[in-house]
Amino acid sequence: MPDNPQALPGRAFALSGQYLIALEGRDAAAFAQAQFMNDVKSLADGHWQWNGWLTPKGRVIALFALLRLSEQKVWLLLPDADAAAMAQSLKRFVFRSKVAIDLREDWVIEGRHSAPERANRAKIGGDEASGLELDFSGDGGARSLRIVPAGAKAEEDAAALARWTLADLRHGLPRLPASQAEQWTPQQLSLERLSAFSVKKGCYPGQEIVARTHFLGKAKRGLVLFESPAEVAAGAEVRGEAAVLGSVASTADAEAVHLALAVLPLDRPEGPVSIDGHAVIEQTLLAGLER
């Protein structure tokens, strides 16, 4: 019998630190299309995608799941960024658009290490009355995420939450702390693996940098997953035999496993790699989570 029954597969647990921003109004989808890096216009109602908001220099401010419930209702599910600050920042760009932007604390986010009951890949399951479900499954196993009314909040489970973050990194989904915001381009974070940005949809903040990098073939760095014998801090240097190769963008620790997603040159030299003086082992990024 497990010491922690909440960690059993299929048991719901709170995804603490994840928040919901709602864009609602006649121009909700159009506003999202103009501000964010993926193609919201081509996303069907009732479906979701990975998306993000960039600085004018093409650096990722926040990475999130975007749910298009309808032309007039778009929700952003933020796993790491300061949701209240981001909602306020977005409001500065509303101008004459008919859209209201609000942090929705009347909804909470929960996870399950089990297959979704109603969602399927990019298709959102459920409804606003009973809660919405997303399919987070991939080669690393089945997972589901639910957005439910605040009164139905699941219990905290630190072990299950840590396993969730570990699974994100194994699929190449960077979990960016505040220190890593506005540091990396989508290509440096290898976000093409998640189909999280578009180079063809038209203008959005940072689009020129993203498109130029893509069409001129100038992407020189990308994500590499490492396992370390000890905990690693975001921002730590990754060293080769003779020089610093890059730095850590995202970390996760669970069940004595320590993972780090680092941004390194695509043509880095072969040889041993270390972080904080510890020899680390490169891991294969799993498929899945792309939408």
Side-chain angles (χ1 to χ4, degrees), residues 32-43 48-66 76 78-81 86 122 138-139 168-226 232 234-238 240 243-252 259-270 273 275 282-291:
Q33 177 75 357
Q35 288 297 320
F36 305 141
M37 65 183 183
N38 211 347
D39 193 347
V40 179
K41 184 177 179 179
S42 67
L43 184 66
W48 71 281
Q49 63 182 194
W50 296 113
N51 209 320
W53 198 30
L54 306 180
T55 69
K57 293 185 178 181
R59 268 45 181 186
V60 177
I61 299 170
L63 180 65
F64 46 83
L66 182 147
L76 313 179
L78 278 72
D80 300 299
M86 182 168 165
D139 282 359
D168 284 344
L169 265 65
R170 283 177 169 145
H171 286 96
L173 174 63
R175 297 294 304 273
L176 300 175
S179 66
Q180 298 303 302
E182 302 187 27
Q183 298 297 311
W184 310 106
T185 67
Q187 286 97 337
Q188 289 170 343
L189 294 177
S190 299
L191 294 180
E192 66 276 0
R193 296 187 74 253
L194 303 178
S195 301
F197 65 92
S198 171
V199 296
K200 298 180 179 179
K201 76 165 198 172
C203 294
Y204 56 88
Q207 181 267 344
E208 183 179 354
I209 304 298
V210 173
R212 182 188 305 155
T213 301
H214 174 80
F215 289 112
L216 297 182
K218 291 187 176 181
K220 299 183 183 300
R221 292 189 286 174
L223 282 186
V224 180
L225 178 66
F226 291 107
V232 173
E237 290 182 343
V238 181
V244 174
L245 299 176
S247 65
V248 173
S250 183
T251 66
L259 296 183
L261 281 173
V263 179
L264 300 184
L266 298 177
D267 59 351
R268 71 186 191 278
E270 295 184 2
V273 175
I275 302 175
E282 184 173 344
Q283 303 292 310
T284 301
L285 288 169
L286 298 177
L289 296 192
E290 71 276 4
R291 291 294 173 263

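Taking 4.5 Å as the limit, some side-chain heavy atom of Leu245 sits within range of a side-chain heavy atom of Pro269. A heavy-atom distance below 4.5 Å is not found between the side chains of Arg175 and Leu261. In this structure the side chain of Asp80 never reaches within 4.5 angstrom of the side chain of Pro177, judged on heavy atoms. Side-chain contact between Gln180 and Ser250 is absent, with no heavy atoms from C-beta onward closer than 4.5 Å. In this structure, the side chains of Phe36 and Leu76 come closer than 4.5 Å at one or more pairs of heavy atoms.
Nearest heavy-atom pair, Gln187 versus Glu192, reported as atom, atom and distance to 0.1 Å: CA-OE1, 4.1 Å. The two atoms that bring His171 and Arg193 nearest to each other are O-NH1, 2.7 Å, heavy atoms only. When all heavy atoms of Val244 and Glu237 are compared, the pair lying nearest together is CG2-OE1, 3.5 Å.
Every residue two or more places apart in sequence or in another chain was checked for a ring pair (Phe, Tyr, Trp, His ring centres under 6.0 Å) with Trp184, and none qualifies.
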Donor-acceptor contacts under 3.5 Å from residues 284-291 side chains, at least two apart:
residue: Glu290; atom: OE1; partner: Gly288; partner atom: N; Å: 3.0
residue: Arg291; atom: NE; partner: Arg121; partner atom: O; Å: 3.3
residue: Arg291; atom: NH2; partner: Asp135; partner atom: O; Å: 2.1

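With Leu191 as reference, Leu63 is the one residue of Asn38, Leu223, Leu63, Val210 to meet the side chain to side chain contact (heavy atoms under 4.5 Å, CB included) rule. Among Ile275, Val232, Val263, the single residue meeting the side chain to side chain contact (heavy atoms under 4.5 Å, CB included) criterion with Val238 is Ile275.
The OH atom of Tyr204 lies 10.0 Å from the CG atom of Asp39; values are rounded to the nearest 0.5 Å.
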